[in-house]
Amino acid sequence: MRNLKQKHIWRNILQSKPVLVFLGILILIFSWSVWGFWNKMRETSNNKKIIEDKVASLKEQKDMLSLDISNLNTEEGKEKFLRENYGLVKEGEDLTIVLEDKNSPKTTQNEANNGFFSFFKNLFK
């Protein structure tokens, strides 16, 4: 009989309003922590994707640079590099440089095709 009364007392304590409110608050705190943890996991996953993309681009850049280095170790690669970057030529070759005339009059399409009134305007010039 005494054992039955002790169980009944514990049941009354656990089902009391203050204990239920405390357990509800505890569940809310736990839920809030799980939500924050889930957001951090998602952010970490996004950062991981960004880093993996950077690593892939750096590997591609490394491959391109090692290809350039191997090309510069050959005579043809050195010659091509010097011709493209410094404008050097071999003996007997000529170098032609084309420059644009900055002082040439440039007519725009609007001036040339202004229509009927531009005909009379240009007629008296």
Side-chain angles (χ1 to χ4, degrees):
M1 190 69 151
R2 187 171 224 205
N3 194 13
L4 184 62
K5 283 188 177 184
Q6 280 184 332
K7 286 183 182 180
H8 191 43
I9 291 174
W10 278 106
R11 185 182 305 153
N12 285 342
I13 291 174
L14 290 177
Q15 290 179 355
S16 67
K17 285 185 180 184
V19 172
L20 291 177
V21 169
F22 175 73
L23 290 175
I25 291 172
L26 194 63
I27 289 172
L28 286 175
I29 291 171
F30 177 73
S31 300
W32 185 262
S33 298
V34 168
W35 180 261
F37 178 72
W38 183 73
N39 284 335
K40 287 180 184 179
M41 290 272 298
R42 188 175 55 182
E43 184 179 339
T44 302
S45 175
N46 290 340
N47 289 341
K48 181 181 176 185
K49 288 179 185 177
I50 291 169
I51 296 298
E52 286 174 348
D53 292 342
K54 283 184 181 180
V55 167
S57 67
L58 288 174
K59 283 183 181 179
E60 288 178 15
Q61 185 178 6
K62 178 186 173 189
D63 293 340
M64 294 289 290
L65 290 174
S66 54
L67 180 65
D68 288 344
I69 289 171
S70 65
N71 283 341
L72 286 175
N73 287 335
T74 64
E75 289 298 320
E76 293 85 17
K78 289 177 186 176
E79 181 180 333
K80 181 181 177 186
F81 177 77
L82 292 174
R83 285 176 179 259
E84 289 176 356
N85 293 329
Y86 298 109
L88 298 178
V89 294
K90 289 182 179 179
E91 287 185 33
E93 290 182 345
D94 293 328
L95 178 65
T96 304
I97 300 174
V98 179
L99 298 174
E100 292 183 28
D101 187 14
K102 294 182 181 178
N103 296 327
S104 67
K106 295 181 180 179
T107 59
T108 62
Q109 189 174 3
N110 290 341
E111 291 177 3
N113 296 326
N114 272 341
F116 182 74
F117 292 111
S118 67
F119 171 73
F120 284 113
K121 187 177 179 182
N122 290 333
L123 184 66
F124 297 111
K125 278 189 175 181

Interatomic distance, CZ@Arg83 vs NZ@Lys90, rounded to 0.5 Å, equals 5.5 Å

- Query: Is there a path of hydrophobic side-chain contacts, each under 4.5 Å between heavy atoms of I, L, V, M, F, W or Y residues, that connects Leu67 with Leu72?
  - Reply: no

Here the gap from Met41 atom CE to Lys48 atom NZ, rounded to the nearest 0.5 Å, amounts to 10.0 Å

CD1 of Ile51 to CG of Leu58, rounded to nearest 0.5 Å, is 9.5 Å

In terms of heavy-atom contacts, Val19 and Ile13 come closest through CG2-O, 3.3 Å

Residue pairs meeting ring-ring contact (aromatic ring centres under 6.0 Å, His included), one or both in residues 36-78, sequence neighbours left out, come to Trp35-Trp38

Separation between CD1 (Ile27) and CZ (Phe30), nearest 0.5 Å, reads 9.5 Å

So side-chain hydrogen bond (donor to acceptor under 3.5 Å, both in side chains) across residues 52-77, not counting sequence neighbours, yields none

Rounded to the nearest 0.5 Å, the NZ atom of Lys80 sits from the CG atom of Asn85 at a distance of 10.5 Å

